[in-house]
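Report on the following structure.
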Number of protein chains: 2
Amino acid sequence: MSPEQTPEASGKSLFSLQRRERLMEELRAHGAITVRDVAARLGVSELTIRRDVNILADEGLLSRVHGGATLPSPLDRTAAGTRQHANRHCIGMVVPSLDYYWPQVISGAREAADEQQVRIAVRGSTYDAADNRRQVQALLDTQNIDGLIVAPNMTGPAGQELLRWLNSLPIPVVLAERRSPAEIPAHRLEWVATDHAFGAGMAVRHLWQEGHRKIGCMTDSASPTSSHVVRGWEQAMSALKIPVNASVSEDSAGILGADRGEHFDRILQLCHETQTTAMLVHSDTQAVAFVQHCVDRGIDVPGSMAVVGYDDEVAYLAEPAISAVRPPKRYVGRVAVQLVSARLSEGRNRPVHRIELNPDLIVRESSVGGPRAAADYAMEDSL
Amino acid sequence: MSPEQTPEASGKSLFSLQRRERLMEELRAHGAITVRDVAARLGVSELTIRRDVNILADEGLLSRVHGGATLPSPLDRTAAGTRQHANRHCIGMVVPSLDYYWPQVISGAREAADEQQVRIAVRGSTYDAADNRRQVQALLDTQNIDGLIVAPNMTGPAGQELLRWLNSLPIPVVLAERRSPAEIPAHRLEWVATDHAFGAGMAVRHLWQEGHRKIGCMTDSASPTSSHVVRGWEQAMSALKIPVNASVSEDSAGILGADRGEHFDRILQLCHETQTTAMLVHSDTQAVAFVQHCVDRGIDVPGSMAVVGYDDEVAYLAEPAISAVRPPKRYVGRVAVQLVSARLSEGRNRPVHRIELNPDLIVRESSVGGPRAAADYAMEDSL
DNA sequence: CCTGGAATGTTCGAATCTGAATGTTTCGGA
DNA sequence: TCCGAAACATTCAGATTCGAACATTCCAGG
């Protein structure tokens, strides 16, 4: 650059903006400056430099210290933006699991919270309504919570009661991956949810395009999303004129360990009988186990049995890698935070929002290539 | 370049544009200029230079300082965000009407456009699919449109074709007050719409709470929202165990002028026969006419006939003032713009959003007080 | 030749910037 | 803990610059 003599001292005076830029340059170069040095170097009075330092500190571009200034420090309590820290809102978040599906939702929520300048307090819970309520209550008790994001269990009377309770809270509540039914008086509840029915339909249409004409469905009725997956599967099947009643549709709720082998064998038998060549498997942990079982039994995936998983948490780990429907988990968290935040700042005038997001279909090995030409039973009614 | 004598002082005066170019040259050469210097050099008054500086600062080409100008500086608070001004996005908006319902939607869209720093170009159209397409095409032809907000007619083959065309456009498209059906391949289309079914249900429940036990519905099948209103009315009626089949449900599409009197008389007759004491009337222009007709016929509103309108455009003008469901029109516009804007900045990774907003019920005179105690026929099966 | 509008210039009170004077706070060593 | 020096805040004044209102000039078109 031009580190010759002080070009400022040579008669030419600077505009205030240029002076502040010079000041920032010095600051960036040395990490800290003294008022006296800078004043001497720029040929102005110390008072002027102090004023500049104040202006820049107000914009958060540096931290004031006695005698000068340093680069912005997080320890600087007076720093710009810190002021809101005190009264910035805090959103409580209660999710049913901290190791499956929800970590990404939380991650998205944290991103949005940073952007929206709100704090966020997360608690893990279970898929049990009573525990959901306990965790929410714990949040409300311990912290100053201005809004809530919850993914409660909504089934049965306990679920309905929980919903009603959430609806009656004096703070905004947003459901994540849950929909408040129109029937019960929970119309004040906003929600953001993935359109799992659409995701299931996408999977079915994908399998159809790959040449499969009998497409089964394996679900886990214990999961709140399962009903939507089944509905989407049925709708897509109807649209494609595949008889739903004659198709394989199995529930794997609560089947674990040794039972699982039997269960899968039974399903494979059903597929054989109905000439089903493709399965949509809800929860891709289940899909991974199913593919593993197929491989163990010598059934080629995808040649004899194509598989599409749901959730895309672990589907890529299987061998062969499993195609899966991927819900926009990060966005579910993001949007939930945005909803709460907007509600907090806009108040009652803002209408209740209900938001559905479309998932993606991630195509991997387990579903491409279509029914194998030499398959023992899959050819008969393929195109 | 040309540092010869001052070619300006030598009699020749410059056009303003040339003068500003010279100014920018000086600025680039020295990094900063003083108004006084430039004024002297170019042989014009200081005020003129100040005006030039203001103009150039507005375009973000320099930063104003007391006494002159510098090259654009990040420290210049007033310049922040102005830089995007040049390449900021432009959203096209095509609405079916410019005098009913949509002005408020447009107004909300403009608000959001200001906030999001995007421009917006609105065109009025009609409720005809062919004209919708013409107007969209006109927008695309004449302007540099980066995204679209449309409220098309989606009925019939022409509507389906229009939807497909919109879906195939290379720019983001958001439907306003319309829902893309899951069936046809328009799944890339995002939308924001009022939940009119919820609004109708709210009206029915309100009338029920006011004591009405037979609640009719008058709609205009020519309007795209009408089907949702009817659906909401039916759902609420079922939930309240009011037989839908035995209730008054009339379509007033295309009935104008003199015919209207007869039509209303016929509906009033039906209400009398079925002991219906309350009507939900879609489009509150219709509601105003209906209430006027009732008053003319000596039927007390709300005593003998309670009325709730829909849309809340003119409902407050009637005598008595009419209760009405008020869709969040401004928010429909706001959210639509936000959707397009977010899509433009986030691209494909962002999942497709579909957003429903709840309307409000504005209670006025026409629906409060319940069926009149002395009503000729309304008492028999009230509570 | 006139006229209307755009660009430019003049005037003058208001706003801004800077630095000196003065009183107050903070820091670091005794 | 106290004290003195340095750093800081506050106020005021002088100089400069800004900008609104009005006047002037220039130019195209009737």
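Every chain is numbered from 1, with letters handed out A, B, ... down the list of sequences.
A salt bridge links B:D312 with B:R364: the closest approach of a Lys/Arg side-chain nitrogen to an acidic carboxylate oxygen falls below 4.0 angstrom. A salt bridge is absent between B:D360 and B:R326: the closest approach of a Lys/Arg side-chain nitrogen to an acidic carboxylate oxygen does not fall below 4.0 angstrom.
Here D:dT10 is the nucleotide among D:dT10, D:dT17, D:dA7 with the atom lying nearest to any side-chain atom of A:L47. Checking C:dT18, D:dC8, C:dT16 against every side-chain atom of A:T48, the shortest atom distance belongs to C:dT18.
Distances shorter than 4.0 Å separate some side-chain N or O of A:R19 from OP1 or OP2 on C:dT18. The phosphate of D:dC8 has neither OP1 nor OP2 within less than 4.0 Å of any side-chain N or O from A:R36.
Rounding to the nearest 0.5 Å gives a distance of 12.0 Å between CD1 of B:I322 and OH of B:Y316.
Each of B:V44 and A:S45 has a nearest nucleotide on DNA chain C; the 5'-most of these lies closest to B:V44.
Among the atoms of the strands shown, only primed sugar atoms or phosphate atoms (P, OP1, OP2) are found under 4.0 Å from some heavy atom of B:N54. A:V65 comes within 4.0 angstrom of sugar-phosphate atoms only, judged by non-hydrogen atoms across all strands, and of no base.
One N or O donor and one acceptor, one from the side chain of A:R51 and one from the base of C:dG19, sit under 3.5 Å apart.
Rounded to an integer number of Å, the gap from CG of B:L42 to P of C:dG9 is 11 Å. Atom-to-atom, CZ of A:R64 to P of D:dC8 comes out at 7 Å; the value is rounded to the nearest Å. Following rounding to the nearest Å, A:E46 (CD) and C:dA21 (C1') show an atom-to-atom distance of 15 Å. The CD1-P distance, from A:I49 to C:dG19, rounds to 9 Å in whole Å. Following rounding to the nearest Å, A:D52 (CG) and C:dC17 (P) show an atom-to-atom distance of 10 Å.
The side-chain contact (heavy atoms from CB on, under 4.5 Å) with B:I171 is formed by just one residue from the set B:L166, B:I91, B:I145; it is B:I145.
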